[in-house]
Amino acid sequence: MNHDHVIAKKRLGQNFLHDPSVIRRIVSGLELATTDSVLEIGCGTGALTRYMVSKPQQFIGVELDKSLFQGLAEQYSSPSTLFLNQDILRLDLSELMQKPRKVKVLGNLPYYISSPIIEWLGKQSGMIESATVMLQAEVADRLMASPGSREFGVLSLVASYYFAVTKVMEVRPGAFRPVPKVSSTLLRLKPKTQGTLDLKEESALFSFIKQSFSQRRKTLWNCLKGSIDKGRLEAMLGCLGHGPNSRAETLSLEDFISLFKDLRAPD
């Protein structure tokens, strides 16, 4: 598919990767085998797709832009490929997998939807072998942030609950068309073998974390008051080594899980 004839749609946050050396590094890093299943989120003009479709046993490409989807479906049609013109957040991976095997995910994620996609990947993490995602650098920094840093927040905690996150490389704006105003970072997410909470509890944990960060400059108590006794919260924070006026961004994932479990336990 010729990049020159494709006009990026701003509402879809489209910036198409076109730098051959970056593309080669991304594809070779996936170490694709003929037994693999691959899911590409946002195939765009097929810059990465063309190097992957023939390798794995099963290739699923998701593209929201109807005209791009049609071009991809025609150009790369084969028994082992499936292209879907739909919103990735509405996709249920378990319905698409041919066999109970894990999938390698690749995606150049638009800025406006990157956080919801990270959450979606987390919920599907039991079926994912690895997820290699291109993000705006500031979003990538939030995924990798440690407690106490300015970037640390809900997204950092969601990512670290489900995944071990590593930086693969930084990518300059000129590698994309149209050229974005910011740099990008390629991350690899490897699912953790999680077993601490069931799905319902996970959902409640993330609601609790979001409430804890609801007023960023205020103390944890200010964010949670109305749902917990102050003395009880202060005692719990003390057990975790935190002062009574601690803010959410100073607590680690393990701290939040401990607090969450204690709060749900009967008095």
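L72 and G46 get closest at one heavy-atom pair: CD2-CA, 3.8 Å. In terms of heavy atoms, Q58 sits closest to L96 at NE2-O, 2.8 Å. Of all the heavy atoms in L109 and S114, the pair that sits closest is CB-CB, 4.2 Å. Contact between C223 and S212 at its shortest, heavy atoms only, is SG-O, 3.3 Å.
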Atom pairs and distances, side-chain donor-acceptor, residues 127-134, under 3.5 Å, sequence neighbours left out:
{"from": "T132", "atom 1": "OG1", "to": "R188", "atom 2": "NE", "distance (Å)": "3.1"}

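The main-chain N or O of D36 is never found under 3.5 Å from a side-chain atom of K104 such that the two would form a donor-acceptor pair. Under the 3.5 Å distance criterion, the side-chain polar atoms of E234 are left unmatched by any main-chain donor or acceptor of P244. Side-chain N or O atoms of H18 include one that pairs as donor or acceptor with a backbone N or O of G174 at under 3.5 Å. Judged by distance alone, with hydrogens and angles left aside, the side-chain atoms of E201 form a donor-acceptor pair with the main-chain N or O of D198 at under 3.5 Å. Looking only at distances, no side-chain donor or acceptor of Q57 sits under 3.5 Å from a matching main-chain atom of S37.
Taking CG from L187 and CZ from F163, the interatomic distance works out to 11.5 Å, rounded to the nearest 0.5 Å.
You'll find the ring centres of Y76 and F59 outside the 6.0 Å limit.
Not counting sequence neighbours, D141 has no partner by the side-chain hydrogen bond (donor to acceptor under 3.5 Å, both in side chains) test. Looking at residues two or more places apart in sequence or on another chain, you find a side chain to side chain contact (heavy atoms under 4.5 Å, CB included) between R216 and F213, E249.
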Show the numbers, then the answer: is there a side chain to side chain donor-acceptor pair (under 3.5 Å) between D255 and S258?
CA-CA 5 Å; D255 290 339; S258 294; 5.8 Å; no

